[in-house]
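Worksheet: the structure to be examined is printed underneath.
Predicted model only: the values in this text are computed from it and were never measured. To find a chain, count down the sequence lines: A is the first, B the second, and so on, and within it residues start at 1.
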Amino acid sequence: MLAELPHWLINTLSPVNRWVHMVGSTLLVGGVLFFEFVVPLATTDLRNEQRMAVFGRARWVFRSVAVLSVVLLIVSGAISGWQVWSMYNGLDAFTGGWRYGPKPWLAGHVAVGVIGFIIVLRVTNTVRVAPRPVGWLRALLVVLLVSMFLASVARHVRLRVDALRVSPQSPVIPWEGE
Amino acid sequence: MRPFRYDAARMNAFLGVLFRWLHIVPAAIVIGGVFMMRVVVPIGLTALDRPEQRHAVFLRCRRVFKMTTHPCILFLLVSGAYNTWTNWGAYRQTVPWSHAFWGPHLIMGVIVIGIALYVLAGKEPPRSHKSLMTANLVLLMLIVLAGGLTKWVRDHPAAYQRPDRLSAGR
């Protein structure tokens with residue numbers, strides 16, 4: 001289905017889609033780290049009610065950013081998955097099973113990402129501040145970093161298996177180590 | 001127990017994944033942090049009545065943000081240099097497209113680092129810090145786009161390969 005689209009459209013939409021995915025993840029990861037690390041340290045000298053007021057108002061703005069990021073990540077991730085799926089099936093046929101290709105890593109990326117979305121919506125999408133918001137944000141940050149690492153591995157496995165398919169003698173991705 | 005054997009291919013694979021991750025994570029921290037400093041923190045500070053208290057909290061935010069930004073710049077430079085070194089063969093095969101995107105990615109990155117170091121230097125921010133942070137945020141978005149296009153060209157060499165390199169394989 002993708003092959004039927006004009007090349008200029010694929011070459012425009014795919015990088016834009018990836019850009020949207022990257023921007024969504026940067027806003028989420030950077031925002032979470034900021035809330036977890038910067039805001040608590042910056043408000044230590046304030047009285048407790050003042051600290052909660054600053055945290056609550058910033059959280060109110062961050063909530064809309066987080067929800068927008070989650071929506072953008074789901075939509076752009078679904079489009080990316082749809083784009084590479086037929087290629088992944090081809091790689092599975094080459095490796096002799098889905099377990100040896102990039103699919104398990106992609107599944108891990110999606111699964112860990114969904115856990116991250118649930119945590120971010122739980123922390124930000126409530127009327128009252130959660131009892132231990134910083135603890136939840138810390139867990140969320142770890143989850144998001146693991147999800148990004150799994151995406152990186154999935155990409156590497158895809159390129160490596162594809163390189164082996166093109167040139168079975170090649171022990172590495174052609175340009176690596178040059 | 002099997003004796004340890006250095007395997008260059010596995011080490012390349014491990015380092016490739018690690019340095020890619022070490023490039024994306026600091027970028028995410030910096031971009032999200034700049035967005036928070038420029039957009040979210042000023043709104044959060046409106047909860048405080050006294051201007052001097054707002055300013056004090058902003059300065060403390062800025063100081064902690066600086067502590068996260070400087071290591072991120074170091075990681076971005078090291079991982080970016082490694083990624084460029086390992087991918088240079090693919091970039092050479094896809095000139096001029098690869099350099100058309102890799103060059104702006106690098107130049108804008110250097111500009112952003114310069115602006116960030118200037119804005120975060122000293123105890124008080126410069127007078128133009130708001131407009132400079134806005135400019136940095138826009139530039140960072142463009143850098144992500146240029147990086148994505150570089151990767152797109154690199155991952156699809158057949159479509160962007162120089163005619164005189166077509167016989168050199170992929």
Side-chain angles (χ1 to χ4, degrees), chain A residues 7 11 14-19 21-23 25-35 37-46 50 52-62 65 144-145 148-149 151-153 155-160 163 166-167 170-178, chain B residues 8-9 12-13 16-18 20-21 24-25 27-37 39-41 43-49 53 56-65 67-68 85-93 140-141 144-145 147-149 151-152 154-157 159 169-170:
Chain A
H7 278 289
N11 287 341
S14 296
V16 168
N17 185 59
R18 185 171 184 274
W19 180 76
H21 204 73
M22 288 297 297
V23 168
S25 55
T26 57
L27 292 180
L28 212 52
V29 171
V32 167
L33 185 100
F34 202 91
F35 262 102
F37 186 57
V38 179
V39 174
L41 279 175
T43 54
T44 43
D45 284 355
L46 298 178
Q50 284 180 317
M52 292 308 278
V54 171
F55 192 85
R57 196 162 296 186
R59 193 187 69 115
W60 178 70
V61 181
F62 182 61
V65 175
L144 291 174
L145 294 185
M148 288 169 104
F149 185 77
S152 207
V153 177
R155 176 183 173 273
H156 188 86
V157 172
R158 172 170 63 84
L159 289 176
R160 184 168 163 77
V166 172
S167 167
S170 166
V172 291
I173 297 170
W175 55 81
E176 261 189 2
E178 282 188 9
Chain B
N12 274 347
V17 172
L18 181 71
R20 186 177 138 73
W21 187 70
I24 291 174
V25 170
I29 291 169
V30 167
I31 296 171
V34 169
F35 178 80
M36 296 291 285
M37 280 295 285
V39 179
V40 178
V41 167
I43 297 174
L45 291 179
T46 55
L48 300 173
D49 299 329
Q53 203 171 30
V57 175
F58 175 77
L59 286 183
R60 203 163 298 139
C61 275
R62 180 174 165 272
R63 198 169 70 216
V64 184
F65 180 57
M67 283 160 52
T68 58
W85 176 57
T86 52
N87 291 315
W88 196 250
Y91 292 159
R92 275 197 359 231
Q93 285 181 7
L140 283 165
M141 296 293 170
V144 173
L145 184 63
L149 288 166
K151 177 183 163 291
W152 176 257
R154 194 177 67 220
D155 289 354
H156 300 84
R170 191 176 143 160

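A 4.5 Å side-chain heavy-atom check between A:T44 and B:R60 finds at least one atom pair inside the cut-off.
Only the side chain of A:V65 has a heavy atom closer than 4.5 Å to any heavy atom of chain B. Neither the backbone nor the side chain of B:V34 comes within contact range of chain A; no heavy atoms are under 4.5 Å apart. Using a 4.5 Å cut-off between heavy atoms, B:T46 touches chain A through backbone and side chain atoms alike.
Looking only at heavy-atom pairs under 4.5 Å with chain A, the residue among B:I43, B:L140, B:I24 that has the most is B:I43.
Judged by distance alone, with hydrogens and angles left aside, the side-chain atoms of A:R57 form no donor-acceptor pair with the main-chain N or O of B:G44 at under 3.5 Å. B:W21 contributes a side-chain N or O that, together with a main-chain N or O of A:L145, makes up a donor-acceptor pair within less than 3.5 Å.
Distance CD/B:Q53 to CG/A:D45: 9.5 Å, rounded to 0.5 Å. Rounding to the nearest 0.5 angstrom, the gap separating the CG atom in A:L41 from the CZ atom in B:F65 is 14.5 Å. Separation of atoms CZ (A:F62) and CZ (B:F35) is listed at 9.0 Å; rounding is to 0.5 Å. Taken to the nearest 0.5 Å, the CE atom of B:M141 stands 6.5 Å off from the CH2 atom of A:W19. Distance check: B:L18 CG to A:H156 NE2 gives 12.0 Å after rounding to the nearest 0.5 Å.
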### Message
Before you tell me yes or no, could you show the steps for A:L46 and B:L48 under side-chain contact (heavy atoms from CB on, under 4.5 Å), namely the whole-Å CA-CA distance, both residues' side-chain angles and the distance that decides it to 0.1 Å?
### Response
CA-CA 10 Å; A:L46 298 178; B:L48 300 173; 4.1 Å; yes

### Task
Applying side-chain contact (heavy atoms from CB on, under 4.5 Å), run through A:F34 and B:T68 and close with a yes or a no.
CA-CA 9 Å; A:F34 202 91; B:T68 58; over 6 Å; no

### Task
Take A:R59 and B:V40 through the side-chain contact (heavy atoms from CB on, under 4.5 Å) test and state the conclusion after the steps.
CA-CA 8 Å; A:R59 193 187 69 115; B:V40 178; over 6 Å; no

### Message
Evaluate A:R155 against B:D155 for side-chain contact (heavy atoms from CB on, under 4.5 Å), listing each step before the verdict.
### Response
CA-CA 10 Å; A:R155 176 183 173 273; B:D155 289 354; 3.2 Å; yes

